[in-house]
Amino acid sequence: MLRAFHNQTAVTIYSYPPNFSSWNRTKGGLIQLNHGRPQPLQYVTNAAFLASLFSNCLEAAGLLGWFCGPNLITTDVMRRFAKTQIDYILGNNPQKTSYLVAFGSPYPQYVHHRGASIPRNKIKYSCKRGWKWRDSSKPNPNTLVGAMVAGPDKHDGFHDVRSNYNYTVPTLHDNAGLVAALVALSGKKSTGGIDKNAIFTEVPLMFPAP
């Protein structure tokens with residue numbers, strides 16, 4: 001059973017790099033794991049994390065990559081995919097904007113978030129009373145540092161509009177994937193990447209070395 005899960009994971013992860021046409025991409029290079037529907041970044045960050053994690057797992061086992069049919073997909077290819085997706089989120093995209101609040105310039109100013117859009121004036125606002133801040137044309141009075149918004153559409157377009165959550169809403173699960181991807185990519189390959197504690201080296205090989 002463990003072998004079956006491993007194979008399924010590998011097949012999924014190896015569908016990510018642009019070598020294959022399993023997924024559509026925007027002209028700017030963002031993979032469309034949700035098939036062009038809104039709020040794509042939550043899927044992209046988790047894919048970047050899994051690709052980085054799996055590449056580290058293979059390297060800890062002394063492998064250069066994994067075969068997908070006759071093609072050897074190297075760990076460098078997986079890591080490069082992860083990096084290009086995170087780079088897109090952080091500003092290397094057609095909009096030249098960072099989708100991470102307070103990182104880079106420009107970044108979203110109209111985040112769809114009550115804590116960011118309602119002033120800190122010691123007044124408690126009900127949900128309905130908070131709508132006037134949601135619909136305000138003024139930038140958020142509070143900066144939600146480190147929040148990743150939902151992201152662009154399938155044409156790389158982005159509208160920094162607080163009332164349209166499909167572009168500007170941040171969520172915990174979105175940011176969890178981003179943090180995981182950044183941690184996975186921050187480790188140097190020469191020092192074991194994310195596997196500094198040698199966890200993966202204790203996992204028995206589930207496949208033959210290429």
Side-chain angles (χ1 to χ4, degrees), residues 5 8-18 20-57 77-104 106-117 134 140 142-187 193-194:
F5 279 120
Q8 184 178 13
T9 300
V11 169
T12 299
I13 291 175
Y14 283 121
S15 71
Y16 295 156
F20 303 97
S21 57
S22 303
W23 303 98
N24 291 327
R25 283 170 168 74
T26 67
K27 289 184 178 180
L30 186 70
I31 191 169
Q32 297 288 282
L33 294 171
N34 64 337
H35 304 287
R37 290 189 287 270
Q39 305 181 38
L41 297 188
Q42 57 184 306
Y43 306 98
V44 173
T45 53
N46 283 288
F49 165 59
L50 290 175
S52 300
L53 187 69
F54 197 63
S55 67
N56 279 295
C57 179
V77 168
M78 285 186 283
R79 192 175 287 105
R80 193 179 309 120
F81 157 78
K83 186 177 184 303
T84 58
Q85 298 303 298
I86 297 301
D87 284 346
Y88 182 106
I89 293 170
L90 298 181
N92 187 16
N93 55 66
Q95 295 290 331
K96 303 300 180 185
T97 187
S98 169
Y99 295 115
L100 188 66
V101 176
F103 180 88
Y107 60 82
Q109 302 292 321
Y110 298 85
V111 181
H112 184 94
H113 186 275
R114 290 178 62 85
S117 58
R134 181 199 65 183
N140 288 347
N142 310 310
T143 302
L144 203 62
V145 177
M148 184 186 73
V149 297
D153 58 32
K154 61 183 178 181
H155 303 294
D156 295 306
F158 180 75
H159 300 285
D160 193 6
V161 180
R162 190 182 301 112
S163 59
N164 193 333
Y165 61 86
N166 280 329
Y167 292 104
T168 57
V169 69
T171 67
L172 290 176
H173 63 270
D174 290 11
N175 279 261
L178 176 65
V179 171
L182 290 172
V183 170
L185 287 170
S186 65
I194 200 174

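Since this is a predicted model, take the numbers as computed values, not measurements.
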If the condition is side chain to side chain donor-acceptor pair (under 3.5 Å), which residues does [X] pass it with, not counting sequence neighbours?
X: Thr45; value: none
X: Asn140; value: Arg162
X: Tyr16; value: none
X: Asp160; value: none

In Å and rounded to the nearest 0.5 Å, what is the [atom1] to [atom2] distance from [X] to [Y]?
X: Arg25; Y: Thr84; atom1: CZ; atom2: OG1; result: 7.5 Å
X: Phe49; Y: Leu182; atom1: CZ; atom2: CG; result: 11.5 Å
X: Leu178; Y: Gln42; atom1: CG; atom2: CD; result: 12.5 Å
X: Tyr107; Y: Leu144; atom1: OH; atom2: CG; result: 10.5 Å
X: Thr168; Y: Tyr110; atom1: OG1; atom2: OH; result: 11.5 Å
X: Lys154; Y: Gln32; atom1: NZ; atom2: CD; result: 8.5 Å

Within the 4.5 Å heavy-atom criterion, are [X] and [Y] side-chain neighbours or not?
X: His159; Y: Asn164; answer: no
X: Pro152; Y: Leu30; answer: yes
X: Tyr167; Y: Val149; answer: no
X: Phe103; Y: Val145; answer: no

Checking side-chain contact (heavy atoms from CB on, under 4.5 Å) for the pair Arg79/Asn56: CA distance, chi angles, key distance, verdict? CA-CA 9 Å; Arg79 192 175 287 105; Asn56 279 295; 3.8 Å; yes
Report yes or no: does Gln85 contribute a side-chain atom to a donor-acceptor pair with the main-chain N or O of Leu41 at less than 3.5 Å? no
Side-chain donor or acceptor of His155 paired with backbone N/O of Gly157 under 3.5 Å: no
Quick check: closest heavy atoms across [X] and [Y], and the distance to 0.1 Å?
X: Trp23; Y: Ser15; result: NE1-OG, 3.0 Å
X: Ala147; Y: Asn175; result: CA-OD1, 3.5 Å
X: Leu100; Y: Gly146; result: CD1-O, 3.2 Å
X: Thr143; Y: Ala102; result: CG2-CB, 4.1 Å
X: Ala48; Y: Ala82; result: O-CB, 3.4 Å

Residues His35, Asn24; criterion side-chain contact (heavy atoms from CB on, under 4.5 Å); working and verdict: CA-CA 7 Å; His35 304 287; Asn24 291 327; over 6 Å; no
What verdict does the side-chain contact (heavy atoms from CB on, under 4.5 Å) test give for Met78 and Tyr14, after you've listed the backbone C-alpha separation in whole Å, the side-chain angles of each residue and the deciding distance to 0.1 Å? CA-CA 8 Å; Met78 285 186 283; Tyr14 283 121; 3.3 Å; yes
Sequence neighbours excluded - salt bridge (charged side-chain N to carboxylate O under 4.0 Å, His left out) pairs with any residue from residues 82-93: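 For residues 82-93: Lys83-Asp87.
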Does anything in residues 88-99 form a side chain to side chain donor-acceptor pair (under 3.5 Å)? List the pairs, not counting sequence neighbours. Tyr88-Asp156
Audit row: Tyr165, Gln39, side-chain contact (heavy atoms from CB on, under 4.5 Å) steps and yes/no: CA-CA 9 Å; Tyr165 61 86; Gln39 305 181 38; 3.5 Å; yes
